[in-house]
There are 2 protein chains.
Amino acid sequence: MGATKTEHFTDKQNELAVLAKAIGHPARVAIIDYLLKVDACICGDIVNELPLAQPTVSQHLKELKNAGLITGEIEGNAICYCINQKTFSKLQQFFTRINTKIEKKNNCC
Amino acid sequence: MGATKTEHFTDKQNELAVLAKAIGHPARVAIIDYLLKVDACICGDIVNELPLAQPTVSQHLKELKNAGLITGEIEGNAICYCINQKTFSKLQQFFTRINTKIEKKNNCC
DNA sequence: ATTTAATATTGCAATATTACGATAAAGATT
DNA sequence: AATCTTTATCGTAATATTGCAATATTAAAT
């Protein structure tokens with residue numbers, strides 16, 4: 001008990017859940033916001049932007065990377081983190097599709 | 001330690017995080033999918049659609065409701081659960097805005 | 001008034017997440 | 001080579017989530 005029963009759900013359901021879960025922490029939203037704000041990929045700097053210790057930020061970056069929301073490449077002794085356009089595009093599609101379905105529904109409430 | 005440091009982030013960041021976190025479980029995605037599929041609000045039935053015990057489903061419904069993603073009204077001895085259009089619309093806006101920003105970025109990677 | 005049906009709550013065990021200090025790793029600088 | 005800078009990993013404590021059996025609640029049906 002306690003572990004999510006991933007195997008009982010469809011790939012698509014799991015895919016959306018993994019992406020949403022990765023976004024489901026304000027520090028990770030803040031990282032995404034920052035990557036968007038600076039209008040470029042970031043080499044270094046991210047730790048100083050967040051009110052969290054360096055290992056904690058590193059961990060959040062790892063989770064965003066694992067989910068495919070950002071990419072990170074070694075660039076000298078820093079790492080260049082970038083938004084992964086494809087994944088965010090996919091997310092938008094998910095929600096656009098959901099909203100289209102909602103609009104077609106019988107408005108019972 | 002261990003608790004999310006909500007107070008250090010903006011309201012918007014926390015808002016998106018809360019919504020994303022609520023979607024961040026395949027069972028809850030499956031509930032949303034089902035509410036969309038049946039093209040109506042659901043009175044009863046949801047427990048039978050999921051591979052989880054009734055108390056577990058009840059808990060997931062509660063979390064979706066707390067996040068504002070669905071509404072639930074008592075309807076006789078059943079409860080009528082509905083998609084909350086406003087919240088999904090807001091989510092779509094979040095992701096549309098993010099994607100707009102990404103498209104405007106210098107493509108450095 | 002009892003029974004039935006649907007949903008919620010409680011209590012608990014298993015697991016996951018969050019956070020950070022200490023330390024490691026690896027390239028850049030001197 | 002020694003040092004500095006940047007990021008990752010390890011270890012661990014605190015907290016949260018997931019899941020379910022047992023039980024409670026509430027309204028309909030008999």
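All heavy atoms count here, side chains included; hydrogens, waters and symmetry mates do not. Note that the coordinates shown come from a computational prediction; the quantities given were computed from them, not determined experimentally. Residue numbers begin at 1 in each chain, while the letters A, B, ... track the order of the sequences.
Residue A:T56 places at least one side-chain N or O under 4.0 Å from the OP1 or OP2 atom of C:dC20. Taking only side-chain nitrogens and oxygens, B:K62 never comes nearer than 4.0 Å to OP1 or OP2 of C:dT7. A:H60 has no side-chain polar atom (N or O) that falls below the 4.0 Å cut-off from OP1 or OP2 of C:dT17. Contact between the side-chain N/O atoms of B:Y81 and the OP1/OP2 oxygens of C:dA6 is not found at any separation under 4.0 Å.
Taking the six-membered ring where the residue is Trp, B:H25 and A:F9 present perpendicular rings, their angle passing 60° and hence far from 30°.
Summarising the geometry, the separation between CD1 on A:I79 and C1' on D:dT5 is reported as 13 Å, rounded to the nearest angstrom. Atom CD1 of B:I31 is separated from atom P of D:dG19 by 10 Å (rounded to the nearest Å). Taking atom CG of B:D45 as the reference point, atom P of C:dT7 lies 8 Å away to the nearest angstrom. For B:R28 and D:dT17, the CZ to C1' distance is 8 Å, given to the nearest whole Å. A:E73 places its CD atom 15 Å from the C1' atom of D:dT7, with the value rounded to the nearest Å. Atom pair A:N66:CG and C:dT18:C1' shows a separation of 16 Å (rounding to whole Å applied). Spacing between atom NZ of A:K65 and atom P of D:dT7 amounts to 12 Å, rounded to whole angstrom units. If you measure from atom CD of A:E49 to atom C1' of D:dT6, you get 16 Å, rounded to the nearest angstrom.
Among the protein residues, A:L52 comes within range of the sugar-phosphate backbone only, with heavy atoms under 4.0 Å from sugar or phosphate atoms but none that close to a base. Counting any heavy atom pair closer than 4.0 Å across all strands shown, A:S58 reaches a base atom. Among the atoms of the strands shown, base atoms are found under 4.0 Å from some heavy atom of B:Q54.
Nearest nucleotide to the B:P55 side chain, out of C:dC20, C:dT10, C:dT7: C:dT10. Here D:dT18 is the nucleotide among C:dC20, D:dT18, D:dC20 with the atom lying nearest to any side-chain atom of B:H25. The side chain of A:Q59 has C:dT18 as its nearest neighbour among D:dG19, C:dT18, C:dA8.
In the hydrophobic clustering of ILVMFWY residues, with side-chain heavy atoms under 4.5 Å counting as a link, A:L36 and B:L19 come out together.
For the side chain to side chain contact (heavy atoms under 4.5 Å, CB included) with B:T56, the qualifying choice from B:Q59, B:Q54, B:H60 is B:H60, the only one to do so.
Both B:A53 and B:T4 lie close to DNA chain D; mapped to their nearest nucleotides by heavy-atom distance, the more 5′-ward contact belongs to B:T4. Nearer to the 5' terminus of DNA chain C, by closest-nucleotide assignment, is the contact made by B:I46 (compared with the other of B:I46 and B:K21).
A:E49 pairs by the side-chain contact (heavy atoms from CB on, under 4.5 Å) definition with A:Y34, not counting sequence neighbours.
Ionic pairing of A:K90 and A:E15 is present here: one or more N-O contacts between side-chain nitrogen and carboxylate oxygen are shorter than 4.0 angstrom.
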